[in-house]
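Remarks on the structure that follows.
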Amino acid sequence: MDDFDCDVLIVGGGPTGVTLASLLAGRGISVIVAEKETGIFPLPRAAHIDHEGMRILQEAGAAEAVMAASRHTSRYEFRNANGKVLLCFDGADRIGPGGWPVANMIHQPSVEAALRASLAERAPDALRRGWEMVGFAQDIEGVTARFATPQGECSVRARWLVGADGARSPVRKACAIAFEDLGFEEPWLVVDVLVDDPSRLPAANLQICDPARPTTCVLLGEGRHRWEFMILPGESAEAISTPASVERLLTPWNVAGAVRIERTAVYTFRARIAEQWRKERVLLAGDAAHQTPPFAGQGLCSGLRDAANLAWKLAESVKGGADATLLDTYQPERAPNLRATIDMAIMMGRMVCTTSRVGAVVRDAKLGLARMLGKLPDAPPAYPPLATGAIMSGASAAGSYFPQAIASNGARLDDVLGPDMALISRSALAEEPLAPFADVLREWLDSHRADAVLIRPDRYVFGAGDAHELKQQWHTALRAA
C-alpha cells in the first residue's frame, strides 16, 4: 500500500495547520490540509504573537503581511482595583531574539488570510475547504482517512496525519488520547470592539486585578480592541452577555461613542496537555495537543512552535532519510516548554482571578514588598531551552534558542540561511552571504568559545564546537534519534 495522495495530511486549517503546511511545502513535501469550514472564521480570537512566532511566520511567508496589520505597545501592566500598578512588563515593542518585536497584537482572521495566501503560492491545491473527517485507519506504512466533502465522500492516503483540529479534536478523540488537567478552569466574557476614537482607549495592555470583577483590556490588530470580564460565581453566561450587561461592564472605561461592539462570546479558559502527541503515524499539534489560559498570550504562539518543530522532522522522515523515531523527540522537546508557558499563564491568571478582597489585600502587600526589595521581574520568565531530543548533549549552547541577526540594511539572517539546518563557522563569516551578519555571529561564537554552531531548521541550537564534529553528530542524530 504505497500509493500515497500526499506525504502529510493535516486535519484542521487554522493557523497551526496552515503554518505547518506552508513550512512543509517550502521543503518540497506534498501536503493536503482538510478544513471542515468553507471560510475563515471572521471574528477575532487570538490576540498576540511573540517574536518567535513571527520568526516562524517569516519562514511561512506571512510575516510581513501580519506585521502590517499588527499594533504594538511597550507595556503590559497588572493593576489593582485602585489603579495602582502591581507588576509591569516593559519593552514589549523592542526587537526580541527572534528578530521581530517582542509582542505583536494581531487580528487573527488577517493572520489566517496571510497564511492561506502564502500556502496558495507554495502549494496551490493543498487547502481543501468543506472537508470534514469521517474517520481514519493507519498501518505500518501510512494513514488512510475518509472525508465528507461538498463533492461527496472521499479518502486520502498519506504517510503521516497531523491533527491540528482544535481543542475538541476529532483526531485526538479517534486515537483515544486523554488530557492531563493542570487545574485551571475559569469562564470569561470576551468583548471585541471596532475602534472609532483610539485616543480614548488605554495605550498599554492591562490586567485589572479587581476582586469585584477581574478584567483584561488589550490591543488587537489595527482598528480593534478587546475586553475580557471574569464571570463570577452565580452569574450565567446568557445573562452577562446581554447588550445591557455589556454596556454596564464597559461604562467604567468611558468608551461610549469611541467603540462599536464587533462580537461577544463566553470562553472557558483551561490548562490541559494531551498525554500523547504521537500515536504511530498520527501526531497532534496546537490546541489539539494543549490548551493554555490567555494571560501570557501564548496560545497561538504555542501552536506555531509545534508547527516549526514538526515541519523539519516530518520533512527529514519523508525525504531526508531520517529514522521515523526522530518524531519521537517532538513531545519531549515541546512539552517542557509548553508546561513552562502554561505555568506562567496560570501564575498570571491566579494573580488576576482573585475574587477574595482579603486575598487581594494580601496579594497587593506581597507584591509591594517584592517591589521594595527589587525582586519583581520586569519581563516574563524565559522559557527553558531544550534539555533532550535532537540536540548534541553536552555541547556548548545545545538546546538554546539561536537569535536572528538583522543586518544594517534590514536583511534578516533566516532569509539567508534558508529552511534547512545551518552550519556556521568562523571561516565563513567574511564571505557572502554571511558577511553582513558577521559581527553579531562572531560575538555569539566568542561568547560560547566555539569555532562553529549548527542551527536546527527550527532555529534551536543543535550544538556549538568543532564544525566537522557537529556535522558528523547531526547526521548520527537524524539516523538514531
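Ring geometry for His290 versus Trp277: interplanar angle of 30 to 60°, hence tilted. Ring pair Phe295/Phe269 is perpendicular by interplanar angle, where above 60° counts as perpendicular and below 30° as parallel.
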Does the pair Arg224 and Asp192 meet the rule for a salt bridge (Lys or Arg N to Asp or Glu O under 4.0 Å), with working shown? CA-CA 7 Å; Arg224 290 176 165 85; Asp192 289 326; over 6 Å; no

Would you please test Arg270 and Asp287 for salt bridge (Lys or Arg N to Asp or Glu O under 4.0 Å) and show each step? CA-CA 11 Å; Arg270 292 187 174 92; Asp287 286 354; over 6 Å; no

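Judged purely by atom type and a 3.5 angstrom limit, Tyr76 has no side-chain atom pairing as donor or acceptor with the backbone of Gln207. With hydrogens and angles disregarded, no donor-acceptor distance shorter than 3.5 Å links the side chain of Arg456 to the backbone of Trp312. In this structure, Ser118 contributes its side chain and Ala60 its backbone to a donor-acceptor pair below 3.5 Å. A donor-acceptor distance shorter than 3.5 angstrom exists from the side chain of Arg172 to the backbone of Ala167, with no hydrogens or angles considered. Judged by distance alone, with hydrogens and angles left aside, the side-chain atoms of Arg27 form a donor-acceptor pair with the main-chain N or O of Pro419 at under 3.5 Å.
When the options Asp50, Thr341, Asn337 are evaluated for a side-chain hydrogen bond (donor to acceptor under 3.5 Å, both in side chains) with Arg305, the one that passes is Asp50.
By the 6.0 Å and 45° rule, Arg55 stacks over the aromatic ring of Tyr401.
Annotation for Arg213: atom CZ counts as buried by contact number, over 12 foreign heavy atoms lying within 6.0 Å. Residue Arg94 qualifies as open at atom CZ: its count of foreign heavy atoms under 6.0 Å is 12 or below. The neighbour count for Lys279 NZ, taken as heavy atoms of other residues, nucleotides or ligands under 6.0 Å away, is above 12.
The side-chain heavy atoms of Glu228 and Pro294, taken from C-beta on, include a pair separated by under 4.5 Å. Ile106 is listed as a side-chain neighbour of Leu300, based on a closest heavy-atom distance under 4.5 Å. Contact of the Asp343 side chain with the Met347 side chain is not registered, since no non-hydrogen atoms from C-beta on lie closer than 4.5 Å. At a threshold of 4.5 Å between non-hydrogen side-chain atoms, the residues Leu115 and Leu119 do not count as touching. Taking the side chain as every heavy atom from C-beta outward, Thr268 and Glu185 approach each other to under 4.5 Å. In this structure, Arg226 and Glu262 have side chains that are not in contact, with every pair of non-hydrogen atoms separated by 4.5 Å or more. The side-chain heavy atoms of Cys217 and Asn205, taken from C-beta on, include no pair separated by under 4.5 Å. Using a 4.5 Å heavy-atom threshold, the side chains of Leu189 and Leu249 count as touching.
When all heavy atoms of Gly98 and His51 are compared, the closest pair comes out as N-ND1, 2.8 Å. Of all heavy-atom pairs between Ala212 and Leu232, the closest is O-CD1, 3.3 Å.
Ion pairing of Arg412 with Asp414 is absent here, as no side-chain N (NZ or NE/NH1/NH2) approaches a carboxylate O to less than 4.0 Å.
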Kindly list each side-chain donor-acceptor pair under 3.5 angstrom involving residues 385-392, sequence neighbours excluded, with atom names and distances?
none

Determine all donor-acceptor pairs shorter than 3.5 Å in which one atom belongs to a side chain in residues 4-21; sequence neighbours excluded.
{"residue": "Asp5", "atom": "OD2", "partner": "Arg157", "partner atom": "N", "Å": "2.7"}
{"residue": "Asp7", "atom": "OD1", "partner": "Arg159", "partner atom": "NE", "Å": "3.0"}
{"residue": "Asp7", "atom": "OD2", "partner": "Ser30", "partner atom": "N", "Å": "3.1"}
{"residue": "Asp7", "atom": "OD2", "partner": "Ser30", "partner atom": "OG", "Å": "3.0"}
{"residue": "Thr19", "atom": "OG1", "partner": "Pro15", "partner atom": "O", "Å": "2.7"}

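Ala174 pairs by the side chain to side chain contact (heavy atoms under 4.5 Å, CB included) definition with Phe136, not counting sequence neighbours.
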